[in-house]
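Lettering of chains follows the sequences in order, A, B, ..., and the numbering in each one begins at 1. Bear in mind the structure is a predicted one, so any value in this text is a computation, not a measurement.
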Amino acid sequence: MAIATPAPPAPTTGPTPPRAQKPRSTARRNAVLRGLAGVVGLILLLEIVSRSGLVNTNFLPPFSSVLWKAITLWGDEVFRADVLSTLLTYVYGMLIACAIAIPVGVVLGMFRPAYRGARAIVELMRPIPPVALVPLVLLVLGAGLEMKLVIVVFAAIWPIMFNTLYGVHDVDPYAKEMARSFGVSRFGVIRRVVIPSAAPFVVTGIRIASSIALIVVITVELIAGGAQGIGAFISRERAFSDAESYLAVLAATVTAGLLGLVINLGIGWLERRFFGWDATARGGA
Amino acid sequence: MTVAPEKNTRKSERAERAARPGRPGRGRGVLVALGYFFIPLAVLVVLWQIATTVAPSPFFPPPVDIAENLVKLLFGGDAVFTEVFYNDFLATVGRMLAGYAIGAAWGIVVGTAMGLSQGSRETVTPIVEFLRSIPATATLPLFIILLGGGDDMRIIFIAYGVSWFVLINTASGVGSIHRTMLDLGKVFKISPARRLFSIVLPAASPKIFAGLRIASTAALLLAIVSEFILASNGIGFQLIQAQGRFQLLNMWSWMLALAILGLLINFVLDAVENRVLSWHKLSRQKI
Amino acid sequence: SSGGSSGGDSGGSVADEVAPGDPFAPETTDVSLTGIKGPGTIPLQTAADEFGAEYGLTIEPYFVDNSGVAVTSVISGDAAAANTSYFGVIDAIQQGLDLVVIAEGWASSPLTSSLEALPSSGITELADLEGKTVNVISLSSSHAIKLRDAMLKEGLDPDAVDWVELPYGEVAAALEQGTIDASSAVGPTLAAVRALGGVSVFDYGAGDYEGMAESGWVASREFAEANPNTIAAIQCSLFDAQGALVEDRAYFEEQFSAFLGAPPAVAAAEVMLDYQSENRLDEIQRNADVYFESGRLTEEFDLTEYVLPAPESCDAA
Amino acid sequence: MTDSLPTTSAGAPTQGAAPTRPAGTAPGTPGAAVVVDHVSHTYGRGDTAHHAIHDLNFEVMPKECVSIVGPSGAGKTTLLRTLAGLLQPSEGAVWVNGKKNTGVPDGMAMVFQDYSRSLLPWLSVERNVAFPIAGSSLSKPERKALVDESLEAVGLKGFEKRYPWQLSGGMQQRVAIARALAYRPKLMLMDEPFASVDAQTREGLEDLVLSIRDRYDMTILFVTHDIDESVYLANRVLVLSRPPATLVEDIRVELAEPRDQITTREDPAFIHLRGHVARLIHSGGEPV
Amino acid sequence: MTDSLPTTSAGAPTQGAAPTRPAGTAPGTPGAAVVVDHVSHTYGRGDTAHHAIHDLNFEVMPKECVSIVGPSGAGKTTLLRTLAGLLQPSEGAVWVNGKKNTGVPDGMAMVFQDYSRSLLPWLSVERNVAFPIAGSSLSKPERKALVDESLEAVGLKGFEKRYPWQLSGGMQQRVAIARALAYRPKLMLMDEPFASVDAQTREGLEDLVLSIRDRYDMTILFVTHDIDESVYLANRVLVLSRPPATLVEDIRVELAEPRDQITTREDPAFIHLRGHVARLIHSGGEPV
Ligand SMILES: Nc1ncnc2c1ncn2[C@@H]1O[C@H](COP(=O)(O)OP(=O)(O)OP(=O)(O)O)[C@@H](O)[C@H]1O
Ligand SMILES: Nc1ncnc2c1ncn2[C@@H]1O[C@H](COP(=O)(O)OP(=O)(O)OP(=O)(O)O)[C@@H](O)[C@H]1O
Ligand SMILES: [Mg+2]
Ligand SMILES: [Mg+2]
């Protein structure tokens with residue numbers, strides 16, 4: 001932890017400054033190298049665990065073979081279609097969830113009566129496991145894309161909404177007052193001060209929601225079946241418990257993880273690019 | 001165009017009052033709060049009741065039936081509570097709380113480390129992003145293979161799943177603490193431990209709490225999911241049984257139980273947050 | 001339990017006020033059929049690929065992870081028919097879902113599904129199960145109910161067993177790890193468990209249970225009444241498919257490999273399910289009886305009203 | 001609490017004038033830019049109540065530059081926030097351009113005491129300055145010209161693309177000033193606007209404020225702790241007492257215009273006035 | 001206001017250090033409290049690099065009070081942060097009490113320029129002030145006495161239970177000063193500590209700082225924009241140039257001790273010195 005050590009000699013400016021500044025390529029290279037080191041470390045650890053013979057390699061195959069299987073699976077057109085289908089559901093779900101959760105979060109964050117009035121319903125709905133909704137939604141909407149979407153949206157809304165709410169509460173009152181003093185309208189204050197200032201919170205919410213969404217898409221596909229999706233793939237492969245299909249199940253799981261990794265790194269990149277001010281302006285470590 | 005300013009004074013008054021419990025007007029405040037809470041709920045329930053009576057469907061039982069059934073499931077018998085209450089309801093609550101506590105603690109520890117040091121953040125981020133994107137539901141079998149089918153497996157599974165939410169929010173909260181505040185601790189030679197507990201964590205607490213909120217929902221969800229397979233008790237188990245046997249009323253009742261459970265957890269979190277974050281609310285409510 | 005003849009002879013069924021439809025004039029030609037992907041749904045795929053066309057049907061198969069979902073999609077209208085166990089059908093009907101059995105799937109037969117345990121567990125017979133953790137995929141599956149029933153008949157206490165549910169994919173690993181002591185197994189899982197040295201403790205298709213109807217195709221009554229001809233066409237397609245598989249082992253192996261992606265060697269070693277091509281009311285009713293006797297059903301249940309007769313003829317006029 | 005103003009009673013704030021006036025019209029001299037009419041403000045309630053300003057009465061004519069001095073914690077910021085309509089007075093009312101303040105009056109700009117927090121960290125210097133005019137009807141080049149001109153005026157040319165956290169304290173404060181300038185307000189409220197800038201820059205900014213006022217007919221109210229500055233810049237100096245702030249004296253500053261950093265400060269009248277203000281402040285708000 | 005200052009500070013810091021000295025020992029005069037040895041600092045890198053301070057050399061003897069003046073954005077805050085060990089110099093090194101700064105030196109306190117951000121919003125005034133000593137070996141009553149004394153000294157008695165957001169700007173700044181005082185540092189760094197307080201309070205605080213220095217043998221470095229203050233308080237005034245900041249002149253202030261707000265400011269030597277500093281600043285960092 002850095003607490004114990006004084007300011008490190010070189011990086012006095014903190015992380016990459018936002019736009020308009022050229023990112024420091026060395027710093028970025030270091031970041032990538034560090035990240036790679038972490039991933040390689042994890043992979044080695046998994047490899048050692050599975051090869052150590054603690055568990056039957058049939059049930060916990062070495063990570064390298066899972067990874068290899070994941071790579072070869074890409075050659076399979078059906079699997080690619082499955083991944084695409086999952087991805088599409090995910091993207092639509094996230095877009096809808098953002099479109100609902102951010103405005104609602106802002107309204108609830110800005111207007112106390114709205115928050116108080118909505119709270120009972122929100123708090124009652126929130127803990128319902130999205131997965132438990134499957135049979136119900138299935139009934140109303142069938143096993144198609146809409147069903148998956150409804151459940152994904154239901155799952156992804158809460159983190160975004162809550163982080164938005166907290167972000168709105170966190171806006172520096174001086175900033176709001178400044179805007180108001182210049183005659184900026186109430187809506188203008190929201191649009192130009194509250195939302196940008198809460199944006200880092202919102203993005204954190206989106207990052208959390210994004211992995212939840214992915215998890216839920218796949219879980220729903222797993223439970224409710226349907227023609228396509230990584231979950232459907234896993235469900236199909238699971239039907240036989242031979243080593244090969246088990247490997248495929250693991251490989252699909254890992255693919256889901258990689259998919260999430262790519263998505264989240266993308267969001268992280270956007271976050272740094274557009275909200276880099278958060279970490280830097282406030283002088284994060 | 002702007003906020004009607006008289007609201008401001010009222011708001012700060014309210015803030016003042018909230019800061020000091022026991023002031024006059026608090027009783028009314030509680031009533032208003034309860035009103036805000038229950039009136040929308042009551043309206044919703046009544047509408048639902050009417051809708052289900054007008055157009056009955058086996059899939060949408062009337063709310064009164066759901067509540068009645070839940071009461072029957074949990075209360076009564078020889079003692080106050082039924083066996084189901086102890087065996088399933090409490091079992092799930094116990095697992096959930098244990099997993100939540102462990103996961104939250106772990107998330108705060110790792111998240112703080114990540115937030116404080118750019119090096120560790122850069123090293124760990126890809127791993128974190130990768131692991132948390134693997135569907136928890138798909139990893140459950142792995143947990144079972146590695147840890148067996150006992151309560152400890154479920155608790156660790158819940159903790160694992162929950163920790164990500166806390167971790168990410170903590171890292172981001174800690175990472176955005178203003179430099180002057182961190183410098184303050186360094187200048188006055190505050191010990192690292194105190195710096196952590198009296199600057200870093202309080203300053204990041206608004207974001208940590210947002211994470212804890214989300215995590216509390218996730219904990220419940222994961223507890224349920226962990227009981228979907230290889231379980232012989234728990235709300236998740238009951239839910240899956242009800243689903244398997246098309247006992248829709250039971251399903252709804254269990255969902256209601258979950259909702260109420262979530263609500264309770266939320267109340268506790270709210271109370272804690274009101275204590276711990278009152279400074280934040282008040283200092284932000286100024287305008 | 002009620003008697004009644006079976007098969008193409010629909011006369012014995014109380015449901016005969018519903019006039020059997022004409023399979024060659026389906027009201028709707030595009031239908032979805034659903035079930036869990038496995039040996040039991042090979043006929044679904046073959047019906048879709050080959051036999052449906054004969055009756056002017058375009059069958060869209062889709063596969064789900066549990067039969068509850070399959071049944072729900074029948075109710076919601078997503079699927080015209082679904083494959084499920086009769087216990088599920090009874091549960092659903094008891095909860096007010098109006099289902100009808102339109103066609104039998106397969107009947108219990110030896111060596112297709114059994115309760116397996118590794119020697120290290122020390123389980124060799126039903127009496128050893130008490131106090132052990134036993135996996136049955138689903139507590140309302142036919143395996144679970146038959147086991148309970150059998151234990152009761154032997155004077156054992158099924159409630160002394162720690163019943164759990166675990167998907168097939170994880171069974172072998174869980175047995176190996178000692179997470180569970182015994183488990184139901186079918187098809188590839190059975191092979192996998194055997195490969196670990198598993199031995200059969202109880203055969204779900206042997207003895208008393210041999211020949212008992214095990215799975216069936218169900219539709220919602222509403223749909224069945226509105227589309228008698230479509231139902232007839234589905235019945236005929238399925239029966240044709242099931243019949244074809246039973247009659248031609250080579251055809252079965254070919255379909256098995258194609259459908260499940262299994263290597264020919266596995267297909268060759270596979271014990272074929274006892275697919276049916278008629279509705280045997282007695283054998284179907286036995287499910288309700290066993291269910292009641294196992295203690296899981298509180299009242300006796302008569303399935304007669306819920307079994308549709310098969311079409312009088314599936315041959316073109 | 002909006003329309004409760006019962007101020008028909010007192011009438012003109014400082015002098016006490018016309019006993020009756022039509023409802024809805026401002027008390028005090030007609031045409032006054034700002035009328036502060038029996039304004040009090042109390043923060044909080046009950047035990048923790050803090051009475052910050054008490055029964056303030058004064059008015060500001062258009063194009064006047066009025067400085068406000070007083071001890072720390074007197075209530076100067078509270079007063080400015082009330083004038084800006086950001087805070088509703090607990091008693092009394094503020095009238096700007098003949099209209100009673102219910103919200104933020106039009107054409108008003110404010111430089112906040114806590115300047116570093118009033119800059120938006122996610123915007124570059126340039127865009128922070130453009131913030132208040134971004135939504136206006138001006139064309140893009142016009143806006144750019146305004147921004148450039150203001151930044152140049154406060155000596156921050158070349159820092160357009162920086163972010164607030166890359167600036168020194170004094171530079172941040174100047175960005176806040178530039179932002180208010182770019183807005184071209186009719187009424188400018190400044191809360192210790194030069195507290196963090198060095199002596200020389202400060203002189204430049206003082207002269208800038210005066211020239212801007214003349215050029216754009218601004219009315220300016222500003223809070224300062226620098227007694228020389230309060231006299232040098234102002235047409236009038238309002239001296240506030242210890243909290244709760246009341247008006248100790250309203251000093252008219254009759255120095256030659258335009259002011260000049262050298263000659264004005266050497267003017268005996270200036271020296272006399274600054275001494276007077278200093279003594280007032282030293283006496284802790286009791287009239288001397 | 002006890003003993004006179006140790007004007008022995010002969011070791012000409014501006015000329016650079018002794019040519020040979022054992023490795024690991026401080027350059028400059030032995031016994032110096034602070035030695036700034038060829039210190040430069042550059043923010044960032046590449047295109048966006050900003051060279052804030054350039055090759056600064058000076059030293060401060062124990063119990064000296066040194067004021068630093070210079071244009072806004074010169075690099076004064078940067079310099080203080082380097083002295084405090086919060087920033088590592090890009091070149092050169094800082095030695096405090098004969099030890100090279102690798103982290104924050106012991107027994108040092110700092111009053112930050114953005115004081116409002118250095119107060120912890122979740123702590124009351126009292127606990128903010130007690131913050132640095134809360135972990136110390138002092139007993140509870142001792143701590144309480146320290147806190148009370150410091151708050152009293154800055155005129156904030158009676159505000160102990162308030163929260164920072166309930167205070168005016170000047171009051172917040174005084175809380176930050178009280179916090180540094182309660183810490184009883186040997187080395188005190190103050191970055192425009194009185195920017196937001198009124199003239200009278202400021203005088204009180206100035207005298208407070210001087211008396212505290214005498215009483216507790218403190219070494220003080222402080223940044224100010226007030227030329228009078230820089231001379232009044234200091235034994236030496238360091239004038240920095242426009243950025244990148246270099247040392248324009250190191251002016252020794254030989255005024256009678258103890259200083260007095262009336263007599264010292266009337267002293268012709270004072271008037272001469274302040275004029276000299278003012279001219280230096282006006283000349284924009286070119287020696288006059
Ligand atoms: N939100 C608040 N709640 C309670 N009291 C407050 C609040 N804001 C300010 N005060 C109190 O009101 C008084 C006046 O504050 P104000 O900020 O107006 O002073 P000021 O004259 O601007 O002082 P300074 O010159 O130090 O900035 C102070 O005593 C302060 O403690
Ligand atoms: N984090 C940073 N990144 C880049 N440049 C910076 C950073 N911090 C300060 N600077 C630049 O360094 C220069 C010196 O800043 P510094 O804060 O030391 O000035 P200062 O002398 O304290 O000014 P002031 O009197 O206005 O507070 C300024 O030009 C500023 O723009
Ligand atoms: Mg103020
Ligand atoms: Mg500075």
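For the pair C/Asn135 and B/Leu230, the minimum side-chain heavy-atom distance is 4.5 Å or more.
Residues of residues 89-97 of chain C lying under 4.5 angstrom from chain B, judged on non-hydrogen atoms, are C/Asp91, C/Ala92, C/Gln95, C/Gly96, C/Leu97 by number.
In C/Glu299, the CD atom is not crowded: 12 or fewer heavy atoms of neighbouring residues, nucleotides or ligands sit closer than 6.0 Å. Residue B/Gln49 places its CD atom among more than 12 non-hydrogen atoms of other residues, nucleotides or ligands, all under 6.0 Å distant. Other residues, nucleotides and ligands contribute over 12 non-hydrogen atoms within 6.0 Å of the CH2 atom of B/Trp48.
How far CD of C/Glu165 is from CZ of B/Phe228: 10.5 Å, rounded to the nearest 0.5 Å. Considering CD1 of B/Ile144 and CG of C/Leu166, their distance stands at 5.5 Å, rounded to 0.5 Å.
Of all heavy-atom pairs between C/Asp162 and B/Ser232, the closest is OD1-OG, 3.3 Å.
Only the side chain of B/Gln241 comes within less than 4.5 Å of a heavy atom of chain C; its backbone N, CA, C and O stay farther away. Neither the backbone nor the side chain of B/Leu249 comes within less than 4.5 Å of any heavy atom of chain C.
For residues 251-262 of chain B, no residue pair satisfies the salt bridge (Lys or Arg N to Asp or Glu O under 4.0 Å) rule, not counting sequence neighbours.
The side chain to side chain donor-acceptor pair (under 3.5 Å) search around C/Ser142 returns C/Glu214, not counting sequence neighbours. Residues passing the ring pair (Phe, Tyr, Trp, His ring centres under 6.0 Å) test with B/Tyr160, sequence neighbours excluded: B/Phe143, B/Trp164.
Counting heavy-atom pairs under 4.5 Å between each of C/Tyr291, C/Trp163, C/Phe87 and chain B puts C/Tyr291 at the top.
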